[in-house]
**Q** 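First, the structure itself, so that you have it in front of you.
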Amino acid sequence: MPPLDPQVRPQREDYWGHVNPIGSRSCYDEGKRCAETLFFDYWRQHGLPIKVARIFNTYGPRMHPNDGRVVSNFIVQALKGEPITVYGSGAQTRSFCYVSDMIDGLVKLMASRDDFTGPVNLGNPEEIAILELAKRVISLTGSKSEIVFEPLPDDDPVQRQPDIKLATGTLSWKPAVQLEEGLRTTIEYFRRTIVE
Ligand code: UDP
């Protein structure tokens, strides 16, 4: 396993992470870690009520078509008949949560008792390889796009999957929208909004 990959799977809240502090992606990774640190300092020093959610890959209608994330990229490419750009071999996995499930989790977290600070994972544990996601999008759109392989960005995690036992136990929350259903709704959204 390369040195930057999560060392436990699925990832629980008490896992402290294993990220490169000086890589091209580090401002993103470390920015989130630093934000958690500051939140907990405010909570300890000033008694500020805080809630820390760890959001895993989320998708759905109203994503920006050029936002660069994988679900929007693949759907836009498929609908335009452009090549689907899989980075690396596509064997890396992600776990995709539909936006309405994520919002529901966030609302439940905000309404939780004051002494529940998190961090709490919010995400859908259903894991899929990126190459498989590309094939699903092609099949659901009926696209004639071909899959092309491009270089894997630096520090791209090989696997990401939330353990959501804390959220299910404490917030009585779990995702309800299956990937296929969420992809269909997202595809319909992009069909309506993409200007050829
Ligand atoms: N990815 C891809 N093609 C794209 C965009 C992303 O293969 O056009 C891959 C990317 O390398 C990563 C995964 O899809 O392995 C998820 O990427 P995203 O940027 O959506 O989320 P994150 O890497 O932050 O989990």
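Counting begins at 1 with the first residue of the sequence. Atoms within each ligand, like the ligands themselves, are counted from 1 in listed order.
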**Q** Short question: side chain of T58, backbone of F56 - any donor-acceptor pair under 3.5 Å?
**A** yes

**Q** Give every pair formed by an N or O atom of ligand 1 and a protein N or O atom closer than 3.5 Å, one pair per line with both atom names and the distance to 0.1 Å, or write none.
**A**
| unit_1 | atom_1 | unit_2 | atom_2 | d |
| --- | --- | --- | --- | --- |
| ligand 1 | 3 (N) | T85 | O | 2.6 |
| ligand 1 | 7 (O) | Y87 | N | 2.8 |
| ligand 1 | 8 (O) | N73 | ND2 | 2.8 |
| ligand 1 | 8 (O) | T85 | O | 3.3 |
| ligand 1 | 8 (O) | T85 | OG1 | 3.0 |
| ligand 1 | 8 (O) | Y87 | OH | 3.4 |
| ligand 1 | 11 (O) | D156 | OD2 | 2.7 |
| ligand 1 | 15 (O) | Q92 | NE2 | 3.0 |
| ligand 1 | 15 (O) | R94 | NH2 | 3.3 |
| ligand 1 | 15 (O) | D156 | OD1 | 2.6 |
| ligand 1 | 15 (O) | D156 | OD2 | 3.3 |
| ligand 1 | 20 (O) | V70 | N | 2.9 |
| ligand 1 | 21 (O) | N57 | ND2 | 3.3 |
| ligand 1 | 23 (O) | R94 | NH2 | 3.3 |
| ligand 1 | 24 (O) | R25 | NH2 | 3.1 |
| ligand 1 | 25 (O) | N57 | ND2 | 2.8 |
| ligand 1 | 25 (O) | R94 | NE | 2.7 |
| ligand 1 | 25 (O) | R160 | NH1 | 2.6 |

**Q** Would you mind listing every salt bridge (charged side-chain N to carboxylate O under 4.0 Å, His left out) that reaches into residues 50-63, with sequence neighbours excluded?
**A**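 Sorted pair list: E36-R54.
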
**Q** Which pairs with one or both residues in residues 169-179 pass side chain to side chain donor-acceptor pair (under 3.5 Å), sequence neighbours excluded?
**A** none

**Q** Keeping the roles fixed (side chain from N121, backbone from Q11), state whether a donor-acceptor pair exists under 3.5 Å.
**A** yes

**Q** Kindly give the cluster partners of I50, where membership spreads through any ILVMFWY side chain lying under 4.5 Å from a current member.
**A** F39, F40, Y42, W43, L48, V52

**Q** Nearest 0.5 Å, what's the CG-CG distance between L133 and N73?
**A**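 Nearest 0.5 Å value for the CG-CG distance: 10.5 Å.
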
